[in-house]
Structure formats: structure tokens, C-alpha cells
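Letters A, B, ... are given to chains in the order of the sequence lines, protein chains preceding strands, and every chain is numbered from 1.
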Protein chains: 2
Amino acid sequence: MDDDSFYCLHSELCKTLANPKRQMILDRLRDGEVSVGEIASQTDIPQATLSQHLSILRSRGVVRTRRAGSSIYYAIANPKIITAFDLITDVLRESLGEQARTAGTDESEKAKTA
Amino acid sequence: MDDDSFYCLHSELCKTLANPKRQMILDRLRDGEVSVGEIASQTDIPQATLSQHLSILRSRGVVRTRRAGSSIYYAIANPKIITAFDLITDVLRESLGEQARTAGTDESEKAKTA
DNA sequence: ACAAGATATGCGAATATTCGAATACTATGA
DNA sequence: TCATAGTATTCGAATATTCGCATATCTTGT
């Protein structure tokens, strides 16, 4: 696999995580499998929209599915996804905390020296 | 901060990583700070495009900058970003390896039972 | 076979991202 | 101050994402 393909696949995977509704869904799945109906009742995501997002998560291999009767249970396919998710949460938190201190040190902030 | 805001900020951060060119850039920065010109010469990204992506990385706090003469050096702001990046690489690799074995077990693959 | 509950898909409009070209800004040296 | 190297911004067109609606599919119970 060449570098370009790698970066494309990698960013496809990141894109899959880069949506508030899909993050909401993943957060519901972090403690184990949950059915579509359960996710729908725990969030304010309309059923069709929810199904579309689940379809995206499925197609990228982020979640796996199991049918039980007429319900379909979704689960995180690889726990490392959750670890990455939480790591980004850390970065976000640290970045928010640091924002006050480092505001204005950016080299592109030319207005400050004018 | 309410949940919606959190998921939005989190996915903003993920979106920042979810682009092949920005991943290429981050990969160049993983061993320490590099100037814009150096990144430009190591990749095939045109200068204007490169600068736009750097601007996005800057605005989300993913990188920090330092001016040295007429050059501007970019560096990863928080090493956890790289850890998350590598974790997603793991997921990608494991997912690609597993693809052959689990192909067709998806509940949405109805065609198989027809 | 039929009805009902649970989930998935197709489509179109609104919105967001991406890129290249042109241009502007900043610092250094003559 | 002027020229030049290095970097940033603006703008417009092409493309991709997102969402809601309508509808289709699948499964179970009768």
C-alpha cells in the first residue's frame, strides 16, 4: 500500500468519527451492544437518520451487528476506537484549558504587534 | 458544557484529522518542528493549499507555531494527537486484516440469504 | 398469507469541504 | 527603500456530507 492510499483510508476512518451524531451513537455503545431502537429512544436522532449513520459506521468496520429476533444489536468492533476517542477527548480538554494562557501567541496573529 | 456542545467540539477535532493532506502534514511533524518550506518540499502539496491546511490545524489548536527569521516552524501541540493517530492506524490495520474473515457476516447483507 | 413492529434505503435540498489561482502580507538583506 | 524569499488570505468552482421524508425490507405472531 502506498502512502497516499494509507492517508486516504486513515482519513476515511477519522471522517467516520467526525460527526456529532455518530459520536453520540458510539458513546451509547461503549459499554456493550445496544439495539437500534434503544439508541433511538436514548437520543433525539430520528430513526431514518440513525440508520444512515449506523450504516456508515458499519461500512467502515467501526461497528458490528448481531440480529436477535426482529432487533439488530450494534457493538463497537474494535475497542481501540474508544481509546482513540477518549484520547481525543483528553486533547480537547487540555486544549480548552490551555486556550486562555496561550491566546495571542500564534505567529499568524499579526494584529497584536501592529 | 452540555453534551451536544461536547460532541460538536469533539467532532470538530476529528474533522481536523480527517483529511489525507493534513495527515501527511502531521506525519511530517511527528519527530519535531518543521518549517512550512520543508513540509512543502517533502510533499507534493502546493504552497497555498499547504498554508490553508496549516491554518486549519492552527485554528483547532492541533499545532503551534514559532517564527525564526522569515520561516515559520510548525509543531504538534499535544503529543496525544499522535497517539490517537497511531491508534487509529492500528484499528485500520486490524480491520483490513480481519476483512477477509468476516466478510458477509453483516446482518444488513440480505442478499446472501435470498 | 397478512399485519405490525423494527430497521434500512433512495432521493433531493441545504450546507460544508477542498483545491487552485491570484494576490497580499512579513522579514531580511542590499 | 526596494527586491526577494517565505508564508498567509481571498475567492469561486467542484465535490462531499448531512438531514428529513417517503418508502422498502425483514421478522414475528396470528
Distance, rounded to the nearest Å, where [X] contributes [atom1] and [N] contributes [atom2]:
{"X": "B:R66", "N": "C:dA27", "atom1": "CZ", "atom2": "P", "value": "15 Å"}
{"X": "B:L50", "N": "D:dT9", "atom1": "CG", "atom2": "P", "value": "13 Å"}
{"X": "B:Y74", "N": "D:dT7", "atom1": "OH", "atom2": "C1'", "value": "8 Å"}
{"X": "A:Y7", "N": "C:dT18", "atom1": "OH", "atom2": "C1'", "value": "19 Å"}

Which part of the nucleic acid, if any, lies within contact of B:Y73, taking any heavy atom under 4.0 Å across all strands shown: a base, the sugar-phosphate backbone alone, or nothing?
nothing
Given the rule in the side chain to side chain contact (heavy atoms under 4.5 Å, CB included) test, do B:Y74 and B:L54 qualify, once you have shown the distances and angles that lead to the verdict?
CA-CA 8 Å; B:Y74 278 76; B:L54 288 171; 3.8 Å; yes
Starting at the 5' end of DNA chain C, which residue's closest nucleotide do you reach first, A:K15 or A:S51?
A:S51
Using heavy atoms to find the nearest nucleotide of DNA chain C for A:T49 and B:A48 separately, return the residue whose nucleotide is more 5′.
A:T49
Does A:R30 come within less than 4.0 Å of A:D86, counting only side-chain N to carboxylate O?
yes
Please state whether the base of D:dT10 and the side chain of B:Q52 form at least one donor-acceptor pair under 3.5 Å?
yes
Non-hydrogen side-chain atoms of A:F85 and A:L17 separated by less than 4.5 Å
no
At their closest point, which heavy atom of A:Q23 faces which heavy atom of B:Y7, and how far apart are they?
OE1-O, 3.3 Å
